[in-house]
Amino acid sequence: MEFTLGQVAAILQGKVEGDEDQKVSRLDKIQEGKQGGISFLANEKYTSFIYETDATAVIVSNNFVATKPLKVNLIRVDDAYNGFTKLLEAYSMMMKSSMVGVEEPCFFDPSSHIGEQAFRGAFSYVGKNCMIGDSVKIHSHVHIGDRVKLGDNVIIHTGAKICTDTVIGNNCEIHPGAVIGSDGFGFAPQEDGSYKTIPQIGNVIIEDNVSVGANSTIDCATMGSTLIKKGVKIDNLVQIAHNVIIGENTVIASQVGISGSTTIGKNCVIAGKAGIVGHITIADNTTIGANTGVSKSITKSGTTLFGYIGFEMKNFLKSYSIFKKLGSIEERIRELEKKQ
Amino acid sequence: MEFTLGQVAAILQGKVEGDEDQKVSRLDKIQEGKQGGISFLANEKYTSFIYETDATAVIVSNNFVATKPLKVNLIRVDDAYNGFTKLLEAYSMMMKSSMVGVEEPCFFDPSSHIGEQAFRGAFSYVGKNCMIGDSVKIHSHVHIGDRVKLGDNVIIHTGAKICTDTVIGNNCEIHPGAVIGSDGFGFAPQEDGSYKTIPQIGNVIIEDNVSVGANSTIDCATMGSTLIKKGVKIDNLVQIAHNVIIGENTVIASQVGISGSTTIGKNCVIAGKAGIVGHITIADNTTIGANTGVSKSITKSGTTLFGYIGFEMKNFLKSYSIFKKLGSIEERIRELEKKQ
Amino acid sequence: MEFTLGQVAAILQGKVEGDEDQKVSRLDKIQEGKQGGISFLANEKYTSFIYETDATAVIVSNNFVATKPLKVNLIRVDDAYNGFTKLLEAYSMMMKSSMVGVEEPCFFDPSSHIGEQAFRGAFSYVGKNCMIGDSVKIHSHVHIGDRVKLGDNVIIHTGAKICTDTVIGNNCEIHPGAVIGSDGFGFAPQEDGSYKTIPQIGNVIIEDNVSVGANSTIDCATMGSTLIKKGVKIDNLVQIAHNVIIGENTVIASQVGISGSTTIGKNCVIAGKAGIVGHITIADNTTIGANTGVSKSITKSGTTLFGYIGFEMKNFLKSYSIFKKLGSIEERIRELEKKQ
């Protein structure tokens, strides 16, 4: 999509200094700006680039004063950073809403229903008795199993798999290759050392405004529901086991693993690669550090955990600082022993 | 699928107390029971729910005695938990076996053979010269490469990829997005610092009754076979490198990684996120704790390992308990030094 | 593909001892050789197998002298190992280049361009305005988004997803299920505890000779580009976040995670499961051990890091050896305290 600088200024309620009719079709970093791109200048550190950039235009704050001649067009706004963010959102919104229609071939069981302004990509699959809301974008190679419910404005990216009976709220985004509702890992040990599969007949419920990252996996419940509450943000390659519950607005970084039947509170932050055992409860507002192992319930809101088996972060860092010099610690003990 | 309570009682060899003709189509937890669902009561803790549940029926043991009026239908059996498990299996079996036929469009090379009672979903792909057994379910978006062999009753879930020359036994289940037989990670360093790809011409052999979790990856051997023996259960997002051998009935939890050419014994349990280096051997009946690193062969059956570089679990926990108070340990040494 | 031993000898510039007209279609390990396979003998340890193998032929070095009667055909070359490697490469090259043409149904937007000698598998998808080079192999279920550029001789394996605006150089190989160019994990915290999605409008640039493993994920930049330089080799289930830069010929093993905006130097080796925090810089030639956490920039080329929070490997191992006996360390302190 192309816009004239005049059109951009109108969106931002700003003013063009330069040629209103020049066109931009791309957002560029100011230091990498090229013809046809529009940048912004919000951080003084980057001021020098405005005199060199090949971008077609730069968004600046009203108080910007050039100290050298400028070859670039300017769009002046109250606050350059806010202006740019606004432009970013407008651009992203337009890109998304412009996808409407059906690419062939695709598969849609006639017992299912989909709302208006929908997109269904080539090789997408929608099974039986699904209820799908308005403005839903189902990209290529997406699988939607039987009896799935999707709210409005949901985006299911290419190759994501939404298994049977999953329920997803409004404004959710499921990124490429994610698997929602795969069977939980449940096996009953038999006397001969083998294992028998325990049928997994529950589902996954995802509330509004949730994001699930690329190639992440969320298992269905053995019975009942694995539950991801509203506003939860999940990064790539995360594993969430059967019957887990994640509280509102909790953020989970890449490669985290949460074992079965654990309940996580709301507004928690779980850093990359952390692992949480099954059947425990984590209080609201807990922060769990990168690669931290959590083996017991956290009952106090606001706890910050870190470590191989996590404990209070500042204590862990103290212990680890001494761990690093354990060689000299042993040496000091040897000295003391000698002197006796 | 709907059943009358009379039909359910017949399956369970039990007796209906209430209306035999009422229908159920779903298995519910007793505390979440809704009209059309059937629950069970096996744990006294949940007894109060039987008087409140909205489920259509509850399976109870013959010795259950109601102490208040009941609005729900009962099905009495010898043992309520066993009865429910039986129902679960019957339900799961029916769901699976009811999938028969071919959804279009799908791709099936005419040089390949598939047995009876098969299902092939839309956009599934079967390459050249494959031999596929009876009652195999190939879901939507599954890729099966050339010369693959699948036994009977295999389920390949949506979007799983079974690469060229893979062999899979009977009763295996490959969950969504799993990749079986991708190229091993083999590169020969060159004098200029670059790497040259070593062609990976081996395959993966999976024996009977194996389960592979969603988005897990099992690489083919450089030459010969990566081998997953019968009864192995592998969770989601697990990595198994080229030329690994996993012994019978070993269980591998989510996000575990096993490096190239390592051999794991039978009846091992490997907890989530554990990592095992290449070219070692792990004895039968070894238990490897969560996030444990294994850097050396384990020769003694029944070993339990835990820790960043794993050693005997009870010793690790002892060391870690002192690690947590290393601050005070150093303080005590300082005191001793002062007193000299 | 089948070759006579005469043809194989011609490729290897070697000499057949036995029946030139016998045919082989497979490369076997000597200890597992079967009729129709060709093996090699390069390591004395395996010499005994040459008298027993059922392979049709064995490649041996010119200086090999049989000490017992042989039933197998021989191909004599200067160096058996080099000969076999040459054969491996020839075989692998032939397998790849023999895939040409289009399987139906597949999706290819008419605004896109693809070069000669291409393969496009069934259910592959190529979006709008893509520029794709010569001899590119796009396997089944591959998704290629709008405006993607692919160089020559690129192989995109089954089910890999190349998102919008991605640029990939020559001779790259993207393994099954990998996701290139998914949205970065960027959310702005709001006053009510919820998060707002920050649009991710950058892309991923992958230079020549890069390999990306099965089910790995590489996020696009928030703005600008996530950059994977030439010769980088990435294993399975690796996460590379937005705006990361990876230097030339760096090797990254399975399940590694690299957080946003971090820059990795060239010729680094990053072992399995290592995790690197965001916004840091790692010097050239750094070696990062398995499961190592990296929390600070590394400025000195040639550093070797290891540990939960990584430091110089040899120091870590010293500290860890004392950690293992912390129980007795505390005991020694207690003894010293008693004796005062």
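Just so it is clear, the values below take in all heavy atoms, side chains as well, and ignore hydrogens, waters and symmetry mates. Order of the sequence lines fixes the chain letters, A, B, ..., with proteins taken first and strands second; residue numbering starts at 1 for each chain.
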So, the part of B:S254 with a heavy atom under 4.5 Å from chain A: the answer is side chain
Looking at B:T158, is its backbone amide N or carbonyl O close enough to the side chain of A:Y125 to form a donor-acceptor pair, meaning the two atoms are under 3.5 Å apart? no
Toward chain B, the part of A:A274 with a non-hydrogen atom under 4.5 Å: backbone
Using heavy-atom distances under 4.5 Å, tell me whether A:N315 contacts chain B through its side chain, its backbone, both, or neither. neither
If we define contacts as heavy-atom pairs under 4.5 Å, which of A:D183, A:L237, A:I322, A:I309 has the most with chain B? A:I309
Give, as side chain, backbone, both or neither, the part of B:S321 having an atom under 4.5 angstrom from any heavy atom of chain A. neither
With a 4.5 angstrom heavy-atom cut-off, could you sort out which part of A:F107 is near chain B: side chain, backbone, both or neither? both
Quick one: do the B:H175 and A:S182 side chains pair a donor with an acceptor below 3.5 Å? no
Proximity breakdown for A:V277 and chain B, heavy-atom pairs closer than 4.5 Å: neither
Would a distance-only check, ignoring hydrogens and angles, find a side-chain to backbone donor-acceptor pair under 3.5 Å from B:E330 to A:S319? no
If you draw the axis of the six-membered ring of A:F311, does the NZ or CZ of B:K324 fall within 45° of it and under 6.0 Å from the ring centre? yes
Is a side-chain N or O of B:N236 found less than 3.5 angstrom from the main chain of A:Q239, in a donor-acceptor match? no
B:L317 portion near chain A, given a 4.5 angstrom heavy-atom threshold: side chain
Which atoms of B:N267 approach chain A - backbone, side chain, both or neither, heavy atom under 4.5 Å: side chain
So what's closer than 4.5 Å to chain A heavy atoms on B:K273: side chain, backbone, both or neither? side chain
